[in-house]
Trainee: 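Can you read through this structure? Questions will come right after.
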Amino acid sequence: MTADLSDPVVRTPYGAVRGRREHGVAVFRGIPYAAPPFGPRRFRPPEPPEPWDGVRDAGAFGPTPPKPPYSEAFEKYLSDPVVPGDDCLNLNVWTPDPDPDARLPVLVWLHGGALTRGSSAVAVYDGHAFARDGVVLVSVNYRLGVEGYGLFPDAPANAGLRDQLAALRWVHEAIRAFGGDPGRVTLAGQSAGAISVGAIAAAPQAQGLFRRAVLQSGPPEVFARDKVRRMVRRMAARLKIPATAQAFAEVDRDLLLRTQAEVGRLSSPVLGGPTFGLVVDGDVVPRDPLEALTDGTAAPGAELLLGWTRDEYRLWLVPGGLLERVDRLGPVALAGAMARCHCGPEVPRGYRALHPEAGTAEIVGQMVTDHLLRLPLRRLADARPGSAYVYEFAWPSLLPALGACHALELGFVFDTGEVPESAKLAGHGAPQRLADDMHRAWVRFAVDGDPGWEAWDDTHPVRVFGELPDATGHATGSPASAPASALYGPATAPADAPYGTGTPAADPPHAPYEPGRPPTAAPVPQPAPVPRDAGIAPVPVAEAAESVLAGGATEPLLAAGADEPLPGPRPVEPPAVRDPAAVRDPYTVRGHRDAELALWTGAEVTPAKSTPASDPAPGSPTRGTELRSVVRRFRRSVAVRRR
């Protein structure tokens with residue numbers, strides 16, 4: 001779109017920018033908040049951009065940071081546009097009114113992508129709906145992969161996080177000129193973006209720069225320095241160079257991206273493996289962010305909106321057919337999950353007891369999701385009673401096997417379900433009513449810190465978005481032959497919501513939705529809770545894992561006292577036909593997932609680097625090394641399907 005003299009012009013601390021009027025809101029794209037991070041600035045902390053004279057055009061997205069493309073299997077579901085250029089530390093602003101006196105709430109969005117992919121140019125993150133409803137939306141690009149999160153002896157750590165902090169400082173200094181209020185800033189992100197939000201919320205440099213935070217499917221976390229350094233060392237070995245920032249800065253960018261993709265090929269949130277992540281650096285991350293946020297030393301008084309999707313793991317396992325392969329691996333996969341989660345056999349045994357109809361892939365996926373994501377988010381909510389709000393996104397994609405997978409909620413939060421990039425994950429015909437509900441809740445939270453349901457307390461209220469009204473088509477994203485209750489719980493009994501017991505919470509009535517005013521949904525009558533059967537015999541997972549580790553057979557596990565084997569891979573059947581517009585109004589459940597998460601409180605924890613009680617015989621592996629060996633063999637076995 002070409003510029004017009006009637007288009008809005010706003011002055012930033014570094015120069016004036018000309019945006020565009022689009023569908024009733026003002027949009028400014030590609031505004032630099034820091035200098036290009038290349039040449040002498042490569043692998044260094046961000047520096048302020050060079051001021052410019054005249055009016056800079058801000059009609060198009062700026063360059064995206066260097067990143068490898070998604071694999072063919074994931075590209076089918078996720079879009080990741082590339083805009084060439086060096087000036088990649090830029091941001092975008094959608095505002096209803098670029099008037100300094102408007103003092104509107106601001107939401108700063110950090111995209112996901114495992115800290116290796118993604119950008120603010122993804123169409124799903126279009127901020128028009130937020131601006132339409134009175135919120136200034138700012139989306140940010142930041143350095144990715146080895147450029148942003150490589151750990152070197154001769155460069156500061158967490159460069160990508162430092163970029164995000166620089167963008168937040170820019171917002172504090174400049175957003176009033178765009179109609180925003182620097183005192184009403186909400187930090188928000190999904191997946192790796194949520195992990196970043198948690199770290200920023202705990203960073204000493206960010207205190208006073210935001211008022212509330214949204215963490216979608218990503219907890220505050222840091223990795224061991226050795227784990228991140230291992231990724232750099234493996235890249236250096238392939239490139240035959242020293243593992244230093246100086247040596248990496250001399251490597252061609254495209255070659256660096258290809259090498260990064262090759263080294264990280266076998267990694268995933270479920271399988272683990274070499275990866276990039278935040279580390280404690282004594283500066284922007286002085287300590288574990290989760291610890292800082294839960295003990296009250298960081299962001300005191302900040303409201304938090306936290307949550308997850310019902311089937312996070314399906315985005316990690318469905319592409320490439322890994323879901324079926326995990327089912328076929330059976331005990332090997334369960335042993336790998338125990339090693340991944342550093343837990344003893346009572347945890348998978350407990351999941352099996354709670355969900356006897358679920359297959360191995362469901363058990364493994366939910367175990368890993370609870371360990372890596374839901375447990376730390378619940379811990380954060382427990383530390384912030386009265387100011388934390390928890391949700392679960394439950395609507396299953398219209399595409400086969402995806403269920404309510406990781407990232408599916410984004411098109412509903414941004415109210416961008418009509419764009420093709422949203423349909424790649426949700427399918428065509430996603431319910432607009434669900435988008436209205438979720439988007440309205442996020443707007444409410446940005447406006448006054450209350451998304452429209454009860455704050456967290458000792459009854460554990462969880463807002464459920466997108467539950468289907470009955471079992472018809474409920475198993476889209478799960479084997480059609482499995483009962484709906486096996487994976488999603490009885491559709492007519494939300495009080496006994498899937499993966500957790502609970503009791504329904506009453507919600508106050510609210511006015512119907514109107515753009516610009518964020519009400520909550522009208523209440524829905526709640527049926528009585530349905531108690532779970534507590535008498536299911538446990539599965540001897542420990543014995544099966546030991547058999548696998550000892551080189552034994554991987555025959556199906558038998559439940560103690562049962563005649564039927566552990567459910568294995570089920571035939572892939574067409575999902576039941578359902579009305580895509582059919583969806584329940586949001587409702588609140590108390591104690592949601594408490595039964596599953598309670599399994600971890602008394603878990604027999606196996607440290608990542610365990611010390612045997614006695615010295616092993618020379619050449620004999622410890623249990624810890626054998627478990628890690630299972631995980632490595634498991635990754636290699638599934639890699640065949642990824643190629």
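Worth knowing before you read on, the calculation uses all heavy atoms, side chains too, and leaves out hydrogens, waters and symmetry mates. Owing to the predicted nature of the structure, the values given are computational and were not obtained by experimental measurement.
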Trainee: Could you give the distance from CZ (R378) to CG (L373), rounded to the nearest 0.5 Å?
Mentor: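 The CG atom of L373 is 12.5 Å from CZ of R378, to the nearest 0.5 Å.
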Trainee: If you compare all heavy atoms of Y14 against all heavy atoms of P48, which two are closest, and at what distance to 0.1 Å?
Mentor: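 Distance-wise, the nearest heavy atoms are OH-CB, 3.8 Å.
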Trainee: Run the side-chain contact (heavy atoms from CB on, under 4.5 Å) test on F276 and T116 for me, step by step, so that the C-alpha distance in whole Å, both residues' side-chain angles and the decisive distance to 0.1 Å come before the verdict.
Mentor: CA-CA 8 Å; F276 292 109; T116 59; 4.0 Å; yes
Trainee: Please list, chain by chain and in numerical order, all residues satisfying side-chain contact (heavy atoms from CB on, under 4.5 Å) with A157, sequence neighbours excluded.
Mentor: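 Listed in chain order: L151, V279, D281.
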Trainee: Would you call R593 and E392 a salt bridge, using N to O less than 4.0 angstrom?
Mentor: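 Result for this pair is yes, salt bridge flagged.
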Trainee: Would you please name every residue forming a side-chain hydrogen bond (donor to acceptor under 3.5 Å, both in side chains) with Q216, sequence neighbours left out?
Mentor: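 Here the qualifying residues are E409, W442.
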Trainee: If the condition is side-chain hydrogen bond (donor to acceptor under 3.5 Å, both in side chains), which residues does D283 pass it with, not counting sequence neighbours?
Mentor: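 If we apply the side-chain hydrogen bond (donor to acceptor under 3.5 Å, both in side chains) test to D283, skipping adjacent residues, the hits are R162, Q205.
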Trainee: Classify the angle between the aromatic ring planes of W94 and F61 as parallel (below 30°), tilted (30 to 60°) or perpendicular (above 60°).
Mentor: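 Rings of W94 and F61: tilted, 30 to 60°.
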Trainee: Would you name the heavy atoms of G134 and P96 that are closest together and state the gap between them?
Mentor: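 Minimum heavy-atom contact is CA-CG, 4.2 Å.
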Trainee: Can you pull the ring pair (Phe, Tyr, Trp, His ring centres under 6.0 Å) pairs that have at least one residue in residues 173-211, sequence neighbours excluded?
Mentor: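 Output for this query lists F28-F178, W170-F178.
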Trainee: I'd like to check the side-chain contact (heavy atoms from CB on, under 4.5 Å) partners of D101; sequence neighbours left out, ordered by chain and number.
Mentor: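 D101: side-chain contact (heavy atoms from CB on, under 4.5 Å) contacts with D99, R176.
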Trainee: Verify, without hydrogens or angle tests, whether R584 (side chain) and P469 (backbone) share a donor-acceptor contact under 3.5 angstrom.
Mentor: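 Here the side-chain-to-backbone pair does not exist.
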Trainee: Apply side-chain contact (heavy atoms from CB on, under 4.5 Å) to residues V368 and Y313 and explain how you reach the verdict.
Mentor: CA-CA 8 Å; V368 173; Y313 67 95; over 6 Å; no
Trainee: Can a donor-acceptor pair be found, under 3.5 Å and without considering hydrogens, that links the side chain of T588 to the backbone of P461?
Mentor: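 A pair under 3.5 Å: no.
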Trainee: Is N92 reaching over with its side chain to a backbone N or O of R29, donor-acceptor style, under 3.5 angstrom?
Mentor: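 It does not hold such a pair.
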Trainee: Taking the six-membered ring for Trp, is the centroid-to-centroid distance between W109 and F414 below 6.0 Å?
Mentor: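 Yes, close enough.
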Trainee: Would you check if there is a donor-acceptor pair between the side chains of E312 and S217 at a distance under 3.5 Å?
Mentor: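 Note: S217 and E312 side chains meet the donor-acceptor criterion.
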Trainee: Does L209 reach the side chain of L187, with side-chain heavy atoms less than 4.5 Å apart?
Mentor: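 Result no, sub-4.5 Å side-chain heavy-atom pair not found.
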Trainee: Would you check if W316 and T369 make a side-chain contact, meaning some heavy-atom pair closer than 4.5 Å?
Mentor: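 SC-SC contact between W316 and T369 confirmed.
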Trainee: Between the side chain of Q164 and the main-chain N/O of A159, is any donor-acceptor distance below 3.5 Å?
Mentor: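 Checking the backbone N and O of A159 against the side chain of Q164, no donor-acceptor pair under 3.5 Å is found.
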Trainee: Walk me through whether L144 and S119 qualify under side-chain contact (heavy atoms from CB on, under 4.5 Å).
Mentor: CA-CA 9 Å; L144 302 169; S119 80; over 6 Å; no
Trainee: How long is the span from the CD atom in E421 to the CG atom in L410, to the nearest 0.5 Å?
Mentor: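 Going from CD on E421 over to CG on L410, the span is 12.5 Å.
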Trainee: Is the backbone of A435 close enough, under 3.5 Å, to the side chain of D415 for a donor and an acceptor to pair up by distance?
Mentor: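 Here the side-chain-to-backbone pair does not exist.
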Trainee: Distance from E467 atom CD to L434 atom CG, nearest 0.5 Å?
Mentor: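 If we round to the nearest 0.5 Å, E467:CD and L434:CG are 11.0 Å apart.
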Trainee: Are any non-hydrogen side-chain atoms of P396 and D311 less than 4.5 angstrom apart?
Mentor: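 No - every pair of side-chain heavy atoms lies 4.5 Å or more apart.
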Trainee: List the residues meeting side-chain contact (heavy atoms from CB on, under 4.5 Å) with A202, not counting sequence neighbours, and say none if there are none.
Mentor: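 Partners of A202 by the side-chain contact (heavy atoms from CB on, under 4.5 Å) criterion, ordered by chain and then number, come out as P289, A292, L293, A298.
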Trainee: Quick one: salt bridge (charged side-chain N to carboxylate O under 4.0 Å, His left out) pairs with a partner in residues 202-216, sequence neighbours left out?
Mentor: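 Those involving residues 202-216 are R212-E303.
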Trainee: Quick one: pull up OH in Y391 and CG in L305 and give me the separation to the nearest 0.5 Å.
Mentor: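 Spacing of OH (Y391) from CG (L305) equals 6.5 Å.
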Trainee: Any side-chain to backbone donor/acceptor pair from D457 onto P385? Under 3.5 Å, distance only.
Mentor: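 Checked: no pair found.
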Trainee: Check whether any side-chain heavy atom of P32 sits under 4.5 Å from a side-chain heavy atom of R56, and report yes or no.
Mentor: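 Result yes, sub-4.5 Å side-chain heavy-atom pair found.
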Trainee: Checking V185 against V171 for the side-chain contact (heavy atoms from CB on, under 4.5 Å) test, could you report, in this order, the C-alpha distance in whole Å, the side-chain angles of both residues, the deciding distance, and whether it holds?
Mentor: CA-CA 9 Å; V185 172; V171 168; 4.2 Å; yes
Trainee: Could I get the full list of salt bridge (Lys or Arg N to Asp or Glu O under 4.0 Å) partners for R184, not counting sequence neighbours?
Mentor: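 By the salt bridge (Lys or Arg N to Asp or Glu O under 4.0 Å) rule, R184 matches no residue at all.
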Trainee: As a test of understanding, state which of L306, L380, I195, L290 forms a side chain to side chain contact (heavy atoms under 4.5 Å, CB included) with P219.
Mentor: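 Single pass found, and it is I195.
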Trainee: Which pair of non-hydrogen atoms, one from W600 and one from C341, has the smallest distance, and what is that distance?
Mentor: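 In terms of heavy atoms, the two residues are closest at CH2-CB, 3.7 Å.
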Trainee: Should R287 and T297 be marked as a side chain to side chain donor-acceptor pair (under 3.5 Å) after you check the CA-CA gap, both sets of side-chain angles, and the distance that decides it?
Mentor: CA-CA 11 Å; R287 56 186 296 217; T297 58; 3.2 Å; yes
Trainee: Just so I know, are the side chains of H111 and V122 near enough to count as touching, which here means a heavy-atom distance under 4.5 Å?
Mentor: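 No, their side chains stay 4.5 Å or more apart.
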Trainee: Ignoring hydrogens and geometry, is there a side-chain-to-backbone donor-acceptor pair from T309 to A404 under 3.5 Å?
Mentor: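 Yes, because the side chain of T309 sits within donor-acceptor range (under 3.5 Å) of the backbone of A404.
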Trainee: Which word best sums up how the rings of F412 and F393 line up, parallel for under 30°, tilted for 30 to 60°, or perpendicular for over 60°?
Mentor: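 Because their plane-to-plane angle lies in the 30° to 60° range, the rings of F412 and F393 count as tilted.
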Trainee: For V93 and V136, work out which heavy atoms get closest and say how close.
Mentor: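 Scanning both residues, the minimum pair turns out to be CG1-CG1, 3.8 Å.
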Trainee: Taking only residues two or more places apart in sequence, or in another chain, which ones meet E221 in a side-chain hydrogen bond (donor to acceptor under 3.5 Å, both in side chains)?
Mentor: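 E221 satisfies side-chain hydrogen bond (donor to acceptor under 3.5 Å, both in side chains) with no residue once adjacent residues are dropped.
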Trainee: Report yes if some heavy atom in the side chain of H23 is under 4.5 Å from a heavy atom in the side chain of R132; otherwise report no.
Mentor: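 No, their side chains stay 4.5 Å or more apart.
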Trainee: Could you please spell out the steps behind the side chain to side chain donor-acceptor pair (under 3.5 Å) verdict for Q366 and D370?
Mentor: CA-CA 6 Å; Q366 295 292 359; D370 285 349; over 6 Å; no
Trainee: Which heavy atom of L165 sits nearest a heavy atom of A206, and at what distance?
Mentor: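 Closest approach of L165 to A206, heavy atoms only: CD2-CB, 3.7 Å.
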Trainee: Output yes when D7 and R21 qualify as a salt bridge under the 4.0 Å nitrogen-oxygen rule, no when they do not.
Mentor: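 The answer is no: the pair does not qualify as a salt bridge.
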Trainee: Tell me if a side-chain donor or acceptor on T95 pairs with a main-chain N or O of D97 at a distance below 3.5 Å.
Mentor: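 Side chain of T95 to backbone of D97: a pair is present.
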Trainee: Is there a side-chain contact between H592 and L597 in this structure, where contact means two heavy atoms from C-beta onward sitting under 4.5 Å apart?
Mentor: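 No, too far: nothing below the 4.5 Å cut-off.
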Trainee: Does E291 have any salt bridge (Lys or Arg N to Asp or Glu O under 4.0 Å) partners at least two apart in sequence or in another chain, and if so, which?
Mentor: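 Salt bridge (Lys or Arg N to Asp or Glu O under 4.0 Å) check on E291 returns R379.
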Trainee: Going by the rule salt bridge (Lys or Arg N to Asp or Glu O under 4.0 Å), which residues pair with E418 if we only count those two or more places apart in sequence or in a different chain?
Mentor: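 None.
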Trainee: Is the backbone of V83 close enough, under 3.5 Å, to the side chain of T64 for a donor and an acceptor to pair up by distance?
Mentor: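 Between the backbone of V83 and the side chain of T64 there is a qualifying donor-acceptor contact (under 3.5 Å).
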Trainee: Going by the rule side-chain contact (heavy atoms from CB on, under 4.5 Å), which residues pair with R433 if we only count those two or more places apart in sequence or in a different chain?
Mentor: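 For R433 the side-chain contact (heavy atoms from CB on, under 4.5 Å) partners, ignoring immediate neighbours, are D437, V583, D585.
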Trainee: Over all heavy atoms of both residues, which pair between P45 and R143 is shortest? Give the atoms and the distance, please.
Mentor: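 Closest pair (atom of P45, atom of R143, distance): C-NH2, 3.9 Å.
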Trainee: Quick check against the 3.5 Å criterion: does Y33 have a side-chain atom that pairs as donor or acceptor with the backbone of N141?
Mentor: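 Pair found, side chain donor or acceptor close to backbone of N141.
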Trainee: Do the non-hydrogen side-chain atoms of T186 and P105 ever get within less than 4.5 Å of each other?
Mentor: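 Not touching, per the 4.5 Å side-chain cut-off.
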